J.: 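The following block contains the structure, expressed as structure tokens.
A note on names: the letters A, B, ... follow the listed sequences, proteins ahead of strands, and every chain is numbered from 1. Because the structure is a prediction, the values reported are computed rather than measured.
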There are 2 protein chains.
Amino acid sequence: MTIKVLVADDQSMVRAGFRMLLAQEPDIEVVGEASNGLEAIDKATRLGPSVILMDIRMPELDGLEATRRILALDDPPRILVLTTFDLDEYVYEALQAGASGFVLKDDPPEQLLAAIRTVASGEALLSPSVTKRVIREFTRIRRPTSPEGLDELTEREREVLALIADGRSNAEIADALFISETTVKTHVTHVLQKLDLRDRVQAVVLAYRSGLVEAD
Amino acid sequence: MTIKVLVADDQSMVRAGFRMLLAQEPDIEVVGEASNGLEAIDKATRLGPSVILMDIRMPELDGLEATRRILALDDPPRILVLTTFDLDEYVYEALQAGASGFVLKDDPPEQLLAAIRTVASGEALLSPSVTKRVIREFTRIRRPTSPEGLDELTEREREVLALIADGRSNAEIADALFISETTVKTHVTHVLQKLDLRDRVQAVVLAYRSGLVEAD
DNA sequence: TCCGAGCTCCTACTCAGGTACGAGGCGGCG
DNA sequence: CGCCGCCTCGTACCTGAGTAGGAGCTCGGA
């Protein structure tokens with residue numbers, strides 16, 4: 001069973017390059033090309049490829065929107081997104097659009113071939129540098145902020161935290177509690193250390209997320 | 001510069017297998033083995049490997065905790081987590097613990113070798129099936145925060161505000177949006193001016209109170 | 001075609017926030 | 001009594017945040 005591939009890129013040189021590269025592989029067949037998003041959708045329906053190599057930046061309709069629409073079809077092909085830069089905001093959008101993979105145009109050819117076979121088999125694959133970014137983002141988000149240390153706080157420290165969560169400056173907190181700003185700083189430092197936070201901004205976030213303060 | 005590898009797995013057959021496999025490669029040298037987590041930590045400090053192949057299920061101390069402790073060292077090695085099953089909740093924990101990659105024991109050897117070289121170079125790499133899971137989780141969580149209100153703000157400014165409300169620094173926001181820190185500062189200043197706020201702390205408070213972000 | 005809005009980026013500056021370290025007073029508890 | 005946790009305050013220092021002011025880009029509307 002050969003893998004039928006559709007190449008969607010607005011630069012003909014790029015399309016030609018892929019066609020040549022893929023022609024070497026006995027298990028891969030390029031069934032068509034598209035130079036913009038609309039054409040990609042059209043050919044996706046008519047040619048029935050199993051994998052689409054999709055550039056993001058294209059005229060008429062960009063690769064992201066084309067991806068969304070193609071994946072809305074019955075029995076859609078897998079989409080492998082191509083891009084020139086790895087530092088590209090579109091990575092996230094592409095993944096959310098449902099792309100099965102993301103490779104850079106200057107990744108080594110073997111990697112591209114491996115990626116095509118991988119997504120054709122239903123798995124997903126990202127370029128290493130992209131993977132790194134996704135993991136960083138993933139672990140950053142998926143850290144359940146535990147109210148763990150909240151009960152470690154002393155009465156005074158909780159008081160200070162509540163005022164921080166109200167958006168007040170150290171001077172204002174000092175004023176409210178009738179203590180010096182220095183003392184406030186001391187309390188703040190202790191709160192941050194106990195809760196393992198970096199700055200008061202994160203303290204506010206934690207205060208709301210932990211329910212220590214109500215949104216309303 | 002050869003890549004120094006430490007193999008940590010409680011099954012000696014597995015260790016022997018890796019040793020044989022890696023012995024074939026001129027650029028990779030196995031500098032030691034460990035059969036449990038504590039031993040892994042010890043040898044990580046004494047042998048100074050650049051990559052550790054770490055099994056998760058090990059006696060004494062499991063691979064996750066060992067990973068956390070090793071990454072707390074000065075100039076720690078990269079950790080490539082090994083597992084038998086891809087359907088493993090440990091994937092998330094491993095990534096959160098700071099592992100640079102995740103491969104299955106029955107992945108093809110070339111893939112393991114590629115993974116070792118990739119993580120040694122500072123990038124990250126996951127097995128395709130693992131990548132698939134991570135992407136699914138990633139896209140599920142990372143919903144764009146809904147607008148509603150704050151109409152004064154431009155799209156970009158709202159985006160920046162949402163990230164501020166997540167507790168991120170300007171540098172982190174720049175990183176997430178692929179723009180310079182300078183530009184982030186510009187956006188922040190505009191947000192504060194438009195909303196008549198003093199600093200980002202008040203912006204967070206407003207974001208939660210206005211329901212722009214959910215507490216949960 | 002010109003104009004403005006929006007996004008991007010820069011330098012240079014000020015200041016609040018945070019850390020490190022030290023220190024004194026208070027009250028409870030073994 | 002002596003120790004210890006808590007609260008208080010200070011000085012010194014460093015960095016991130018925010019402001020000011022200017023500039024170039026693209027795109028869509030007048």
J.: Who are the side-chain hydrogen bond (donor to acceptor under 3.5 Å, both in side chains) partners of R15(A), not counting sequence neighbours?
T.: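 Applying side-chain hydrogen bond (donor to acceptor under 3.5 Å, both in side chains) to R15(A) gives E33(A).
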
J.: Measure the shortest side-chain to side-chain distance between F18(A) and V5(A) over non-hydrogen atoms and say whether it is less than 4.5 angstrom.
T.: no

J.: Mind grabbing the angle between the end helix axes of the helix from dT1(C)-dA30(D) to dG30(C)-dC1(D)? Five pairs an end, 10° rounding.
T.: 30°

J.: In chain order, what residues pass the salt bridge (charged side-chain N to carboxylate O under 4.0 Å, His left out) check against D42(B), with sequence neighbours excluded?
T.: R46(B)

J.: Name all residues meeting the side-chain hydrogen bond (donor to acceptor under 3.5 Å, both in side chains) criterion together with S180(B); count only those two or more places apart in sequence or in a different chain, and write none if there are none.
T.: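 Residues passing side-chain hydrogen bond (donor to acceptor under 3.5 Å, both in side chains) with S180(B): T183(B).
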
J.: Got a sec, which residues hit salt bridge (charged side-chain N to carboxylate O under 4.0 Å, His left out) with E159(A), two or more places apart in sequence or on another chain?
T.: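 For E159(A), the residues satisfying salt bridge (charged side-chain N to carboxylate O under 4.0 Å, His left out) (neighbours in sequence not counted) are R156(A).
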
J.: Test of understanding: with side-chain hydrogen bond (donor to acceptor under 3.5 Å, both in side chains), list the residues that count as partners of E65(A), not counting sequence neighbours.
T.: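 E65(A): side-chain hydrogen bond (donor to acceptor under 3.5 Å, both in side chains) contacts with R68(A), R69(A).
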
J.: Please enumerate all residues that pass side chain to side chain contact (heavy atoms under 4.5 Å, CB included) together with S100(B), with sequence neighbours excluded.
T.: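 For S100(B) the side chain to side chain contact (heavy atoms under 4.5 Å, CB included) partners, ignoring immediate neighbours, are R78(B), V119(B).
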
J.: Under the side-chain hydrogen bond (donor to acceptor under 3.5 Å, both in side chains) test, which residues partner S121(A), sequence neighbours left out?
T.: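 For S121(A) there are no side-chain hydrogen bond (donor to acceptor under 3.5 Å, both in side chains) partners, ignoring immediate neighbours.
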
J.: Can you list the residues that meet the salt bridge (charged side-chain N to carboxylate O under 4.0 Å, His left out) rule with K4(A), with sequence neighbours excluded?
T.: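 So K4(A) forms no salt bridge (charged side-chain N to carboxylate O under 4.0 Å, His left out) with any residue.
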
J.: Can you measure I173(B) atom CD1 to dT8(C) atom C1' for me and round it to whole angstrom units?
T.: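 These atoms are roughly 16 Å apart.
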
J.: Could you go through nucleotides 23-30 of chain C and list every protein N or O atom that sits under 3.5 Å from one of its N or O atoms, giving the distance for each pair?
T.:
none

J.: Listed by chain and number, what are the side chain to side chain contact (heavy atoms under 4.5 Å, CB included) partners of A171(B), not counting sequence neighbours?
T.: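 For A171(B), the residues satisfying side chain to side chain contact (heavy atoms under 4.5 Å, CB included) (neighbours in sequence not counted) are S169(B), E181(B).
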
J.: Reading nucleotides 4-23 of chain D 5' to 3', which nucleotides get B (base under 4.0 Å from a protein heavy atom), which S (sugar-phosphate only), which -?
T.: --SSBBBB-----BBB----

